[in-house]
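Given the structure is predicted, the values throughout are model-derived calculations rather than measurements. Per chain, numbering begins at 1; letters A, B, ... match sequence-line order.
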Protein chains: 2
Amino acid sequence: MPRAATNKSHAGRERLTAQAWVDAALAAIAEGGLAAVAVEPLAARLGTTKGSFYWHFSNRAALIDAALQHWEERNTEQVITTVDPEPDPERRLRDLFKTVPAAGGGDPVEVALLATAGHPQVAPVLRRVTERRVDYVTDVFTDIGFPRDEARRRGLLVYTAHLGQTQLLHAVPYVLPATEADRRRYLDTLVHTLLRPE
Amino acid sequence: MPRAATNKSHAGRERLTAQAWVDAALAAIAEGGLAAVAVEPLAARLGTTKGSFYWHFSNRAALIDAALQHWEERNTEQVITTVDPEPDPERRLRDLFKTVPAAGGGDPVEVALLATAGHPQVAPVLRRVTERRVDYVTDVFTDIGFPRDEARRRGLLVYTAHLGQTQLLHAVPYVLPATEADRRRYLDTLVHTLLRPE
DNA sequence: ACCTGAACACCGTTCAAGT
DNA sequence: ACCTGAACACCGTTCAAGT
């Protein structure tokens with residue numbers, strides 16, 4: 001009869017794939033930030049040894065790279081595909097402000113990464129994701145009718161405000177509008193000022 | 001004849017004050033972020049031992065607390081006192097955008113702290129500094145003539161954009177306007193949209 | 001091909017012993 | 001009062017030995 005799969009004996013355990021380590025790393029980032037990607041604790045969580053890890057990855061940095069790459073691939077288009085179906089560009093702008101993390105949830109991995117934006121492995125990933133998004137918001141402003149360069153400026157302002165808002169939300173939540181009505185009024189101010197004609 | 005002060009013998013070395021450790025910690029934050037506040041390397045830099053550190057502080061967290069407190073005290077009012085003399089509130093707003101880190105320099109400690117905004121010891125410090133500044137910008141908008149609640153919303157938008165810009169500047173510098181002329185135009189767009197009447 | 005277990009380096013923390 | 005130096009724990013990394 002076949003051996004039961006247990007965590008006690010080597011012969012009876014499933015072998016790990018690199019992907020298993022990547023998933024564990026992303027879970028760790030979501031819970032405790034980049035610093036929580038620690039080989040020894042992850043090994044314990046996966047029921048294996050540190051030695052095993054070093055067969056799949058050359059070091060901790062390589063695991064982080066793999067995790068960031070995986071996150072970038074499955075995340076970049078997420079917000080955009082949620083909002084893009086809306087045909088009216090002014091509404092699309094408004095939807096962006098509502099859908100995007102600011103609202104209250106947001107991808108915990110992204111929040112954790114923004115908290116470590118300066119980290120040498122994180123920075124280039126955020127760069128690419130950011131460019132994609134700023135370009136998208138810029139397009140919304142051109143759809144609204146602004147000339148390209150003015151649209152770019154407003155797109156930057158929007159994205160910049162979004163980043164800052166995410167940061168405030170996590171470092172200083174209570175300076176932000178607290179009640180639903182206040183939040184709506186804030187959104188109105190945002191959209192109203194941002195759409196001021198040239 | 002008096003012993004020369006060397007780093008070789010205990011009897012001949014200056015004793016350290018807690019403040020010396022705090023200064024070293026702030027220097028480390030500026031250079032390598034919070035993570036660079038490491039007892040052993042700091043001890044080496046100060047020419048003393050880890051054991052000495054633990055006489056002055058109960059642990060690494062206590063040193064970080066002391067360093068953050070010191071930074072908060074001498075920093076909070078800095079930007080404000082630079083800009084406040086300008087009597088015309090619209091100009092003051094513009095000066096804020098120019099003076100504040102965004103321009104290019106900025107306090108490296110602040111930049112490092114923003115990169116670790118979610119850290120449990122950093123968050124409350126940033127909270128207080130942020131509140132002070134948002135309140136200040138809000139006052140600028142009331143001086144310009146906006147009613148208090150609308151001024152608060154625009155103050156938030158400004159501060160939020162400032163935070164995001166600092167972040168972009170360090171994670172994704174090249175999405176921001178690169179030439180002097182582009183930067184001026186960007187500033188014009190910012191001020192122009194933010195001042196749109198209700 | 002994939003994993004274990006022991007070993008070493010680095011840094012946080014403790015503490016007995018020194019001045 | 002302030003400091004040293006040895007000790008221990010924790011985690012990153014290496015590697016010889018196992019299956």
Next on the checklist: Could you tell me how far apart A:Phe53 (CZ) and C:dT4 (P) are, to the nearest whole angstrom?
Outcome noted: 14 Å
Checklist outcome for this item: pair_partner(D:dA16), Watson-Crick or wobble, both distances < 3.5 Å, evaluates to C:dT4
Checklist outcome for this item: side-chain contact (heavy atoms from CB on, under 4.5 Å) test vs B:Phe141 passes for just one of B:Asp139, B:Thr138, B:Asp143, B:Val137, namely B:Val137
Next on the checklist: I'd like to know if B:Glu180 pairs up with B:Arg184 as an ion pair, taking the criterion as any Lys NZ or Arg NE/NH1/NH2 lying under 4.0 Å from an Asp or Glu carboxylate oxygen.
Outcome noted: no
Checklist entry - Does D:dA1 have OP1 or OP2 sitting under 4.0 Å from an N or O in the side chain of B:His56? => result no
Item to check | For B:Thr189, all residues meeting side chain to side chain contact (heavy atoms under 4.5 Å, CB included), sequence neighbours excluded | outcome: A:Glu150, A:Arg153, A:Arg154, B:Thr193
Checklist entry - CZ of A:Arg91: more than 12 outside heavy atoms within 6.0 angstrom? => result no
Checklist entry - Counting only non-hydrogen atoms, which of residues 61-70 of chain A are less than 4.0 Å from DNA chain D? => result none
Item to check | Under 3.5 Å side-chain donor-acceptor pair for B:Gln19 and B:Asp23 | outcome: yes
Item to check | Interatomic distance where CH2 belongs to B:Trp55 and C1' belongs to C:dC15 [whole Å] | outcome: 16 Å
Would you tabulate the pairs of protein nitrogen or oxygen atoms and nucleotide nitrogen or oxygen atoms of nucleotides 10-12 of chain C closer than 3.5 angstrom?
| unit_1 | atom_1 | unit_2 | atom_2 | d |
| --- | --- | --- | --- | --- |
| C:dC11 | OP2 | B:Glu40 | OE1 | 3.4 |
| C:dG12 | OP1 | B:Val39 | N | 3.3 |
| C:dG12 | OP2 | B:Val39 | N | 2.8 |
| C:dG12 | OP2 | B:Glu40 | N | 3.0 |
| C:dG12 | N7 | B:Lys50 | NZ | 3.1 |
| C:dG12 | O6 | B:Lys50 | NZ | 3.2 |

Checklist entry - Just how far, in rounded Å, is P of D:dT19 from CG of A:Leu16? => result 19 Å
